[in-house]
Amino acid sequence: MSAELIAVIAVIGVAMVFDYTNGFHDAANAIATSVSTRALTPRAALAMAAVGNFIGAHFGAGVAKTVGDGLVHLPTGVASLGVLFAAVVGAIAWNLITWYFGLPSSSSHALFGGLVGATLFATGGAVQWSNIVEKVLIPMVVSPVVGAALGFVVMIGLLWLFRNGQPGRLNRGFRWAQTASAAAMSVGHGMQDAAKTMGIIVLALYTGGFAENKTDIPEWVFWTSAAMLAAGTYAGGWRIIRTLGRKIIDLRPPEGFAAEAVASSVLYFNALVLHAPISTTHTITSAIMGVGATKRLSAVRWNVAGNIIIAWVTTFPAAALIACLTYFVVAPIFG
């Protein structure tokens, strides 16, 4: 077995682990609001989210190509696979740290930070900073703003449309509607997050000499990435589910539906139209904040929101630092 093949297998292995941690870390993105409003039971919500992630992965090719061919220039040979290995390890480590503390940070930005951190210190590697700014940093700022603004506007619209409705009947109706919005959210999550793992795998295949280009995605990559994300999602990330579903605001079914509908729409637009890899975590969390602000600003627990925003800001550099340190350890092995 050649050194290149062993290195590629190692990268694919850690990419699958990352995909699994991404699933249980970000399960909250798809189901927290539905579970907290009792629209769905926890296990039913997780099962639906797992299926939705699996389906969504097959529509994320555009995002995968951006990740695989738009963010960094890797060094040549086996050393490039060491960069990818370290990058993914950095993302896994940050996922586990934030999961332990129940913070809904972005697995996507952990992966991007890992890529940048490992590439910066690799001989012959180069970060495409213009693309990082355009496709990662700007969306990192814009998507939460858009999510919060749209969440506020959509919730105001629902309050006006159903201003004369009977609360009990409305809650029952919106619990049914949340089944659809949660399903849409889980498909959107698959479009974004499984696609990022696919991009790493294809990049590993290309740099190892087992693929002709960085944009064609083999069918088995779709299936394995989707399956691991779905398995991780079904395992659940209850610490983060409690944070999103209960600690930011007290959600009712209309608010849960509004947040999920807004977040899934933003995810679909970016995945299918812009092919931009955005954070599902940032999007749904900000939508929840926007929806909650329609009650009154004090309805949002801003101390919890502040901790979440700190985790958002630190994710990219923290994962980059972990990946950098990992690269120094594994570089001799991949030399």
Side-chain angles (χ1 to χ4, degrees), residues 14-15 17-30 53 56-57 60-68 70-72 84 87-99 103-118 131-144 146-147 185-201 203 225-226 228-229 232-233 237 240 244 263-264 266-271 274-287 308-309 311-320 322-323:
V14 294
V17 174
F18 168 76
D19 212 19
Y20 186 84
T21 66
N22 192 351
F24 75 71
H25 189 279
D26 288 1
N29 295 342
N53 278 322
V63 173
K65 291 173 183 176
T66 298
V67 173
L71 302 180
V72 297
L84 291 178
V88 178
V89 169
I92 293 170
W94 189 248
N95 271 355
L96 294 176
I97 291 169
T98 50
W99 166 81
L103 293 172
S105 68
S106 169
S107 296
S108 304
H109 291 100
L111 182 59
F112 301 149
L115 269 176
V116 169
N131 285 350
I132 291 291
V133 171
E134 177 185 349
K135 297 178 180 179
V136 177
L137 298 183
I138 291 176
M140 182 173 70
V141 175
V142 172
S143 61
V146 170
M185 185 67 200
S186 64
V187 172
H189 182 264
M191 286 182 186
Q192 284 285 341
D193 285 56
K196 290 150 193 168
T197 301
M198 293 190 295
I200 293 295
I201 293 174
L203 190 54
S225 298
M228 288 301 293
L229 185 67
T233 298
I240 296 173
L244 270 184
S264 59
V266 173
L267 293 176
Y268 282 28
F269 180 78
N270 279 276
L274 301 181
H275 300 162
I278 67 167
S279 168
T280 54
T281 304
H282 291 187
T283 307
I284 184 62
T285 306
S286 59
I308 292 170
I309 291 171
W312 290 359
V313 173
T314 56
T315 288
F316 193 98
I322 296 170

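What you see is a predicted model; the values in this text were computed from it and never measured. No hydrogens, no waters, no symmetry mates; every other heavy atom, side chains included, goes into these values. Start at 1 with the first residue, then count along the sequence.
- Distance CD1/I284 to NE2/H189: 11.0 Å, rounded to 0.5 Å.
- Taking OG of S264 as the reference point, atom CZ of F269 lies at 14.0 Å (rounded to 0.5 Å).
- Minimum heavy-atom separation, S286 to W312: N-CH2, 4.4 Å.
- Contact check for V266 versus V146: side-chain heavy atoms found under the 4.5 Å cut-off.
- Taking NZ of K135 as the reference point, atom CG of L274 lies at 11.0 Å (rounded to 0.5 Å).
- Ring geometry, H109 versus H282: the interplanar angle falls under 30°, so the pair is classed parallel (tilted spans 30 to 60°).
- From N270, atom CG reaches atom OG1 of T280 across 11.5 Å, with rounding to the nearest 0.5 Å.
- I200 and A15 get closest at one heavy-atom pair: CG2-CB, 4.4 Å.
- The side-chain hydrogen bond (donor to acceptor under 3.5 Å, both in side chains) test applied to S225 returns no partner, not counting sequence neighbours.
- Applying the side-chain hydrogen bond (donor to acceptor under 3.5 Å, both in side chains) test between S107 and each of T98, N95, T21, T197 identifies N95 as the sole match.
- The two residues L267 and G188 make their nearest non-hydrogen contact at CD1-C, 3.9 Å.
- A distance of 8.5 Å separates CG in N22 from CG in L111, rounded to the nearest 0.5 Å.
- Taking OH of Y20 as the start and OG1 of T233 as the end, the distance is 9.5 Å to the nearest 0.5 Å.
- Taking all atoms of both residues into account, the shortest heavy-atom contact from A323 to A87 is CB-CA, 3.9 Å.
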